[in-house]
J.: 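Before I ask anything, here is the structure I am working with.
One-based numbering along the sequence shown. Both backbone and side-chain heavy atoms feed into the values below; hydrogens, waters and symmetry mates do not.
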Amino acid sequence: MSRAFVKESDDDLPPLPERVVSPHPNFVTPSGLKQIESLVQSLEEQRGVARAAGDRAQLATIERDLRYWTQRRASARPVEPIASPDTVRFGVQVRLRFEDDSERSFRLVGEDEADPAQGRISWVSPIGASLTGCAVGDELEVLGQRAEIVALES
């Protein structure tokens, strides 16, 4: 019989590469910490199911992800929001008005919380880094356009 039709054993699976951990401090918002804790719990449950099913490939993926998220939980530095921010910093929502009078808001969050489509950008992203330290009235280049910071919210 040709080897093309023989199932290889799970022992022949190549090891999965580890997920890369950022060298930056792991600042998280309170909701970001809850997300990490929820992911760890979910992965622990999935690990039990994969073990019971004997699914070694799935188990390897889950254990790799669990190592990553457990490390991220252990290194998390929760940052509480401040009531009335006067400059852009971690956790602050920034409203920008662009030259065409359109407006867009961004909240600076932890790397694992970032979701640009939802307006949550990492504090270490190029936009996050350029906004950090700015105040209402400051102008800067964002997304290839001039923009003015018109409001800051916690």
J.: Keeping T132 on the side-chain end and G128 on the backbone end, is there a donor-acceptor pair under 3.5 Å?
T.: yes
J.: Between G32 and V28, which heavy-atom pair has the shortest distance, and what is it?
T.: C-CB, 4.5 Å
J.: Ignoring hydrogens, what is the shortest heavy-atom contact between P78 and A76? Give both atom names and the distance.
T.: CD-O, 3.5 Å
J.: Nearest 0.5 Å, please: how far is CG in D112 from CZ in R73?
T.: 13.0 Å
J.: Keeping R107 on the side-chain end and G91 on the backbone end, is there a donor-acceptor pair under 3.5 Å?
T.: yes
J.: Is a donor on one side and an acceptor on the other found under 3.5 Å between the side chain of S75 and the backbone of Q71?
T.: yes
J.: Please give me the minimum heavy-atom distance between L108 and R89, naming the atom from each residue.
T.: CB-O, 4.0 Å
J.: Quick test of your reading: applying ring pair (Phe, Tyr, Trp, His ring centres under 6.0 Å), list the pairs with at least one residue in residues 18-64, sequence neighbours left out, ordered by first then second residue.
T.: F27-F90, F27-W123
J.: How many angstroms lie between atom CZ of R56 and atom CD of E63, to the nearest 0.5 angstrom?
T.: 10.0 Å
J.: Determine whether a donor-acceptor pair (N or O, by modelled atom type, separation under 3.5 Å) exists between the side chain of R64 and the backbone of P17.
T.: yes
J.: What I want to find out is whether R95 reaches E103 closely enough, with some N-O distance under 4.0 Å, to be called a salt bridge.
T.: yes
J.: Donor-acceptor pair, distance only, cut-off 3.5 Å: does the side chain of D138 make one with the backbone of A135?
T.: yes
J.: Could you go step by step and tell me if L96 and I149 meet the side-chain contact (heavy atoms from CB on, under 4.5 Å) rule?
T.: CA-CA 5 Å; L96 301 171; I149 297 175; 3.5 Å; yes
J.: Checking side-chain contact (heavy atoms from CB on, under 4.5 Å) for the pair R104/V142: CA distance, chi angles, key distance, verdict?
T.: CA-CA 11 Å; R104 185 144 181 211; V142 177; over 6 Å; no
J.: Check S154 against A83 and note the closest heavy-atom contact, atom names and distance.
T.: OG-O, 3.4 Å
J.: Let me see the working for Q35 and S31 under side chain to side chain donor-acceptor pair (under 3.5 Å), right down to the final yes or no.
T.: CA-CA 6 Å; Q35 289 173 350; S31 66; 5.1 Å; no
J.: Heavy atoms only: give me the nearest V150-V136 pair and the separation to one decimal.
T.: O-CG1, 3.9 Å
J.: Is there a chain of hydrophobic side chains (I, L, V, M, F, W, Y, each step under 4.5 Å between heavy atoms) that links V21 to V40?
T.: yes
J.: Just how far is it from atom CD1 of I82 to atom OG1 of T87, taken to the nearest 0.5 Å?
T.: 6.5 Å
J.: Taking it one step at a time, do D86 and L152 satisfy side-chain contact (heavy atoms from CB on, under 4.5 Å)?
T.: CA-CA 7 Å; D86 55 357; L152 302 176; 5.7 Å; no
J.: Holding to ring-ring contact (aromatic ring centres under 6.0 Å, His included), I want the full list of residues that pass it with Y68, two or more places apart in sequence or in another chain.
T.: none
J.: CD of E153 to OG of S84: how many Å apart, nearest 0.5 Å?
T.: 11.0 Å
J.: Any donor and acceptor pair, going by atom type alone, linking the side chain of T70 with main-chain N or O of L66 inside 3.5 Å?
T.: yes
J.: Determine, using the 4.5 Å side-chain heavy-atom cutoff (strictly less than), whether L16 and V20 are members of one ILVMFWY cluster.
T.: no
J.: Quick check: is L43 connected to V49 through a chain of hydrophobic side chains (ILVMFWY, heavy atoms under 4.5 Å apart)?
T.: no
J.: Would you kindly confirm whether W69 and V109 end up in one hydrophobic cluster when ILVMFWY residues are joined by side chain heavy atoms under 4.5 Å apart?
T.: no
J.: Can you confirm whether D65 sits close enough to Q46 that some side-chain heavy atom of one is under 4.5 Å from a side-chain heavy atom of the other?
T.: no
J.: Work out which heavy atom in V79 is nearest to a heavy atom in P30; give both atom names and the distance.
T.: O-CD, 3.5 Å
J.: Working note: R47 + L59, criterion side-chain contact (heavy atoms from CB on, under 4.5 Å); need CA distance, chi angles, decisive distance, verdict.
T.: CA-CA 6 Å; R47 179 173 57 184; L59 185 59; 3.5 Å; yes
J.: Calculate, to the nearest 0.5 Å, the distance between atoms CD and CD belonging to E139 and E99 respectively.
T.: 8.5 Å
J.: Going from CD on E111 to CZ on R72, what distance comes out if it is rounded to the nearest 0.5 angstrom?
T.: 5.5 Å
